[in-house]
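Data block below; observations after.
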Amino acid sequence: MSVRIDTRFKALAREGRAGLVTFLTAGDPDYATSLAIVAALPKAGADVIELGMPFTDPMADGPAIQASSLRALKAGHNTKKTLALVRAFRKGNGDTPIVLMGYYNPIYVYGVEKFLKDAIAAGVDGLIVVDLPPEEDAELCLPALKAGLAFIRLATPTTDDKRLPAVLKNTSGFVYYVSITGITGAAAPETAKVVAAVARIKRHTKLPIAVGFGVRTAEHARAIAEGSDAVVVGSALVDAVRASLDQDNRATAKTIKTVTDLVAALASGVRSARRVAAE
Amino acid sequence: MKVPPNSLRLGPDEHGHFGIYGGRFVAETLMPLVLDLERAYLAAKDDPAFKAEMEGFLTHYVGRPSPLYFAERLTAHLRGAKIYLKRDELNHTGAHKINNVLGQILLARRMGKKRIIAETGAGQHGVATATACARFGLECVVYMGTIDIERQKPNVFRMKLLGAEVRPVTSGSKTLKDAMNEALRDWVTNVETTFYCIGTVAGPHPYPMMVRDFQSVIGREAREQIMQAEGRLPDSLVACIGGGSNAIGLFHPFLDEPNIEIYGVEAAGKGISTGQHAASIGGGKPGVLHGNRTYLLMNDDGQITETHSISAGLDYPGIGPEHSWLYDSGRITFLSATDDEALKAFQLLSTLEGIIPALEPAHALAKVMELAPKKPKNHLMVVNLCGRGDKDIFTVAEHLGGKL
C-alpha cells in the first residue's frame with residue numbers, strides 16, 4: 001500500500017538526505033537469482049525498490065533494459081511471477097517500498113481489477129506505467145488510487161508548466177522526473193538543468209521528486225541527489241547483472257554481489273550528497 | 001444527401017477512441033507532441049490552402065486519380081462478380097503509401113519540422129517517405145528490421161538512392177513492430193526537431209484518424225469512378241489488411257452504405273492453426289501496443305508474439321483501431337489468405353491481366369478468387385490493388401523454386 005512510500009520519504013526528510021531508488025527487471029536472469037538480489041537490496045542501501053515487469057516491446061527503454069526483459073521472458077518470467085517475487089520478498093521485509101514499473105498491455109491482459117487486488121495482496125506499494133499518460137487515467141490510475149496503490153507519474157523535459165498540473169493531478173507517492181528526452185540508459189543528464197527542473201516541479205507539488213534516466217555512477221548519483229529527493233538508477237544495475245552472467249546468460253557465483261556492491265557504492269554517493277554540499 | 005442517424009464515419013471521439021479502441025497510450029515525453037500534432041492537423045484540415053497544396057501534389061506528383069480498371073479476363077476466369085481493380089499500384093513510388101506520406105510531410109513543413117523519421121516493413125512506406133523528403137529537402141531516417149532488409153533489398157537501395165538513411169533494427173523479431181519501437185525511441189529522444197511519419201492507421205491519436213483521412217482519397221475516387229462506369233455503387237469491396245491503411249482508405253467513404261459488403265483480408269501465413277501468421281483479428285484479442293488499443297497477437301501474459309507472413313507489409317502483430325471497432329460492430333467481414341494462396345493469386349493476376357501485384361494485395365486477390373465465383377454476374381466487386389509487385393519478385397522466385 002502507498003503508505004510505505006510516504007513513510008519512507010518522511011524518514012528520508014528527517015534524516016536530511018536523498019533516497020536511492022534501484023531499478024531491476026524482475027526475473028532477470030531467472031526467478032531465484034532475481035529474488036535473492038531484490039532481497040539483498042535494502043541492506044545494500046536501496047531506499048525504494050523499483051521492479052520492472054518484463055514486456056516484449058518496451059518502447060521507452062534502451063538496449064540494456066530491453067535485453068534484461070528478454071532474458072527474463074526467456075527464463076519463463078511473467079506478470080504472475082513478478083507478483084510472486086514481491087510476495088516472497090515481503091516475507092523478509094515489511095518496510096521497503098516496492099514499485100512495479102512497466103507497460104500497460106500485460107496488466108490489461110491480466111485484468112485491471114484482478115491485477116490491483118493481487119498486487120496489493122503481494123505487498124506492492126505503487127505503479128509506474130510508462131504508456132499511460134493522464135489522458136488515459138480512467139484505465140488504471142484511478143482504479144489503482146481507489147484500491148490504495150500509489151500511481152507514480154513521469155514528468156519529462158517536455159512537460160511544461162501548462163501541462164504539469166494535469167500530470168500531477170492524480171500522481172501519488174512521488175513524482176519521477178525523467179531527466180532527459182530519450183530512452184533509459186541513454187545520455188547522462190546535465191546536473192544544473194536537472195536541479196532547475198526539479199525546482200520548477202516543486203513549485204507545483206509537495207510530493208517528493210525522484211530523478212532518473214542516465215544516472216550511472218556514484219559520483220553522478222551524488223550530484224543529482226544534491227538537487228532532488230531521490231535518485232533512480234536502472235540501466236547501470238541491469239548492466240551489472242548482465243556483466244556477471246556466463247555465456248548462456250545464466251547467473252554465476254558473483255551475480256548477486258556484483259549488483260549489491262554497485263548499489264552500496266551508489267548509496268554512499270547519494271548519502272554523501274547533502275553532507276558534501278553543507279561542508 | 002440524407003445522413004444516416006447512426007453513421008459509422010464520425011469516429012474517433014475527441015480522445016481518439018473508436019468504441020473501446022484507439023486512444024493515446026504513449027510515454028509522457030511524447031504526449032505534448034501528440035497533442036501538438038493533433039492541433040496542427042485539425043487546423044490544416046480546415047485550411048483551403050493546405051487542401052489545395054495537397055491536391056496539387058496528388059495530381060501532378062503522385063499521378064492521381066488512379067484508374068478504376070475493369071479486370072475483364074480475371075472476371076471471365078472466375079465466372080462470377082464483375083471485378084474492378086483500384087489501381088493504386090500506379091501511383092508514384094508504386095503503392096498507396098504516398099497518399100498518406102504526402103499529407104504528413106506537408107503537415108511537417110507547416111509545423112516547421114526539418115527531420116522526418118519513419119518505420120517500414122515492406123519498404124513501401126519507407127520509399128514513399130524518402131521520396132517526399134527528397135522532394136522537399138528534408139532529412140529522412142527510416143527504421144527497418146534486418147529481416148525485412150534482407151527480403152526487400154530493392155526498396156532498401158531505392159531509399160538510399162533517394163538520400164534517406166536506413167537504420168537496421170536488430171531488436172526483438174527484427175520486423176515491422178520492432179522498427180516502430182525504434183522509431184518511437186528516436187522520436188522520444190529528438191522531440192524538438194523530429195516529425196514521426198507513421199505509415200499506417202495505427203499509433204496514438206491522431207495518427208489513425210489522420211492517416212485514414214489522407215488515404216480516403218482512394219475510396220472517394222472509386223466511388224465517383226464506379227458511378228461513371230456503372231451508374232451505381234459497388235456491391236462489395238475487398239482489400240488486404242496489415243495495419244489497414246489501404247483498406248480503410250477504400251472502405252471509409254462507403255461505410256454508411258449498408259448494402260455494400262466489405263471484406264478485409266489478413267495474412268494467414270502458414271495457416272492460422274500453425275500460429276505462424278499475422279492475422280490480428282483472426283487469431284488475436286484486444287490489447288495495447290504502439291499507442292493504441294486494438295486486436296493484437298500475444299500470449300496469455302500479454303507478451304506480443306512473433307508473426308509470419310510472406311508479405312513484409314502485412315507482417316505486423318496489430319491492426320488499426322478503427323478496423324477493430326468495425327470488426328466488433330460487424331461492418332467489416334474479416335477473412336485471411338495463406339502465403340500459398342497469395343502466391344497463386346500473384347501469378348494469376350500477372351498472367352491474366354498483365355499486372356504484377358505486390359504480395360500484400362495478392363492476399364486480397366486470393367479471397368477474390370473464392371468470393372467472386374459465388375456472386376452473380378451483375379455483382380460489382382472493387383478490389384484495392386494497393387501496390388505493385390516489382391519489390392517482391394525475388395521473394396516469389398525463391399518460393400516458386402525458380403519456376404518463374
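Convention: sequence-line order gives letters A, B, ...; per-chain numbering from 1.
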From the list B/Val191, B/Asp178, B/Asn190, B/Asp186, the residue making the most non-hydrogen contacts under 4.5 Å with chain A is B/Val191
Positive for side-chain hydrogen bond (donor to acceptor under 3.5 Å, both in side chains) with B/Glu28, one of A/Thr156, A/Thr158, A/Thr159
A/Thr159
With the side chain counted from C-beta on, respond yes when A/Glu136 and B/Arg293 share a heavy-atom pair under 4.5 Å apart, and no when they do not.
no
Quick check on B/Met298 against chain A: is it the side chain, the backbone, both or neither that has a heavy atom closer than 4.5 Å?
side chain
Distance-minimising heavy-atom pair for A/Val109 and B/Asp300:
CG1-O, 3.4 Å
To the closest 0.5 Å, what do you measure between CD (B/Glu182) and CD1 (A/Ile183)?
6.5 Å
Is it the case that atom CD in B/Glu165 sees more than 12 heavy atoms from other parts of the structure closer than 6.0 Å?
yes
Heavy-atom cut-off 4.5 Å, strictly under: side chain, backbone, both or neither for A/Leu73 against chain B?
side chain
Heavy-atom distance under 4.5 Å between the side chains of A/Asn78 and B/Asn299, does that happen here?
no
Can you tell me which portion of B/Pro204 sits under 4.5 Å from chain A's heavy atoms? Options are side chain, backbone, both or neither.
neither
Heavy-atom distances under 4.5 Å only: say whether B/His17 touches chain A with side chain, backbone, both or neither.
side chain
A/Phe55 portion near chain B, given a 4.5 angstrom heavy-atom threshold
both
Segment of A/Val129 engaging chain B (4.5 angstrom heavy-atom cut-off)
neither
Is the NZ atom of B/Lys285 crowded by more than 12 outside heavy atoms at less than 6.0 Å?
yes
Note: vs chain A, highest number of non-hydrogen pairs under 4.5 angstrom among B/Val188, B/Asp301, B/Leu289 is B/Asp301
If you define the side chain from C-beta out and look only at heavy atoms, does anything of A/Glu135 sit under 4.5 Å from B/Leu35?
yes
Can you tell me which portion of A/Asp61 sits under 4.5 Å from chain B's heavy atoms? Options are side chain, backbone, both or neither.
backbone
